[in-house]
Amino acid sequence: MAPAKNGEKMTIDIGKERELLPRGTRLLCAVSGGADSMCLLHLMKSRAAELEIQVFAAHYEHGLRGEESLRDCAFVENWCREKGVLCVSAHGDVRAFAKEKGMGLEEAARELRYAFLQKTAAELGCTRIATAHNADDNAETLLFNLCRGSGAAGLRGIPPVRGNIIRPLLRCTRAEIEEYLRENHVPHVEDSSNAGEEYSRNRIRHRVTPVLREINPAFSSAALRTAELMRRDEDCLSAMAEAFIRENFDGESLPLAKLRALHPAVAGRVFRRLCPETLSLEQVDGLLEKTAGSELAFADLPGIRLRFEQGRLYFGQGEKTRLPERVIVPGTVTHIPEAGLKIRAGIEIFSEEIHSKFKTYLFKCESICGNITCASRRPGDKISPAGRNCTKSLKNLFLEAGMTQRERDLTPVIRDEKGVIAVCGLAVDRRCEAKPGDKVLRLDIEREN
């Protein structure tokens, strides 16, 4: 959309806009009845034949301004009826919805309004929804987000396109829109709430932007350029973060060394992309500090627990998965679904060499005390590995093997009533070590199909 200059009427550059408005597009215009939306609707309708599109209107009455709100609804409906534009209107109770959801009025109104627009677009077969946000709105949004301490994502302002929503007037100032309405004799209504200062955006509009326009009369255009530059930077950095995730995220974790090598701007976006809730600058900086450590560490964030361990950062390992205790009975198969394993048990005479040392275990029957069980590790567990003249805690055994906490919890530990006799994949206790000719309990550890 090209803004009006020197008395010229607003025009649409079809070549540039064709991507947003392909021939045959059914376009739904969100119309409040105010100056901006009436400009949008009139402009789209007057150019419909040229653009080869169909134009529809939608009005949502929020129930916030009593008779004035109903007046606006009637105004839009009447104008559309006179001009032959199909208009769909709906009424809502924003105050009740805001109270129910624990939202502010502005947020609740926006959620209800956009839900109505999407529903109406679907019912009418519209593939695009046009809203009347302009350059001044964009400047106010940028300032509002700046006040909140937003980064580049917030300083992008209002996006020209978001999904099926387009904003054809985003490069037009409010003054240009008012000039268009005068020249084309388009009526509109005034929303009295815009004159008050109850909302933050109104205070910015009435108090802040006038001062900035004294410094730079073209402030809205300058803000638009800033937003566009921020959008480009954000798109680039976000793409770099996405590429890093695609190349390095295994569905559960990331390599810490590669994460540390990233620029903090990219690393922060990686964290924000993989965490379910928005992270503050302080939270991101705290995570970046932890990437430099070598010890086991945790970071509890809203909705997720992060674990730094064995050179990797694990996402979402809040709840531990442990193996319940199961009794192993000779002649049966014990299934361990948590680890995707099964243990086949039997009694035989040790008569041949075992080549798969840590997949097949032979325990001298005479040395076994009571029942044999399989479960996860327990605090204080120890083992005296056969062939090694020492006794080790399972904690140190796992540490030597470089295993993560999750891997440790899912490693089957075989016990009799005296203690640990084997740790699957790592060691057999010398107390039950078997020799050729011994009657043995044979355990074969297999993967479930």
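Each residue takes its place number in the sequence, starting with 1. Only heavy atoms go into these numbers, but all of them, side chains included; no hydrogens, no water, no symmetry mates.
Remark: Glu67 CD is loosely packed, at most 12 non-hydrogen atoms of other residues, nucleotides or ligands lying under 6.0 Å away.
At distances below 3.5 Å, at least one donor-acceptor pair connects side-chain atoms of Asp429 with backbone N or O atoms of Ser384. At distances below 3.5 Å, not a single donor-acceptor pair connects side-chain atoms of Arg344 with backbone N or O atoms of Ile445. With Thr332 contributing its side chain and Ile328 its backbone, the two residues share no donor-acceptor pair below 3.5 Å.
For the residue pair Thr173 and Ser220, no side-chain donor N or O sits within less than 3.5 Å of a side-chain acceptor on the partner. Inspection of the Thr131 and Arg167 side chains reveals an N or O donor paired with an N or O acceptor under 3.5 Å. His59 and Glu77 share no side-chain donor-acceptor pair at under 3.5 Å. Judged purely by distance below 3.5 Å, without hydrogens or angles, the side chains of Asp409 and Ser376 never pair a donor atom with an acceptor atom. Judged by distance alone, the side chains of Thr141 and Asn138 never bring a donor and an acceptor atom under 3.5 Å apart. There is a side-chain donor-acceptor pair under 3.5 Å between Ser253 and Arg312.
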Could you pull out every donor-acceptor pair under 3.5 Å between side chains of residues 434-441 and any protein atom, sequence neighbours left out?
residue: Asp438; atom: OD2; partner: Lys435; partner atom: N; Å: 2.7

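To the nearest 0.5 Å, atom OH of residue Tyr361 and atom CD1 of residue Ile372 are 14.0 Å apart.
Listed by first then second residue, pairs satisfying ring-ring contact (aromatic ring centres under 6.0 Å, His included) with a partner in residues 101-125 read Tyr60-Phe116, not counting sequence neighbours. For residues 98-111, no residue pair satisfies the salt bridge (Lys or Arg N to Asp or Glu O under 4.0 Å) rule, not counting sequence neighbours.
Under 4.0 Å is where a charged nitrogen must lie from a carboxylate oxygen, and between Asp233 and Arg231 no such pair does. Under the 4.0 Å criterion applied to side-chain N and carboxylate O atoms, Arg205 and Glu140 are assigned as salt-bridge partners. Using a 4.0 Å cut-off between a side-chain N of Lys or Arg and a carboxylate O of Asp or Glu, Arg65 and Asp72 qualify as a salt bridge.
Scanning for side chain to side chain contact (heavy atoms under 4.5 Å, CB included) contacts around Ala115 gives an empty result, with sequence neighbours left out. Checked against side chain to side chain contact (heavy atoms under 4.5 Å, CB included), Gln54 has the following partners two or more places apart in sequence or in another chain: Arg26, Phe56. Remark: Ala122 engages no residue in a side chain to side chain contact (heavy atoms under 4.5 Å, CB included) (not counting sequence neighbours).
A cation-pi contact, defined as under 6.0 Å to the ring centre and within 45° of the axis, links Arg201 to Phe144.
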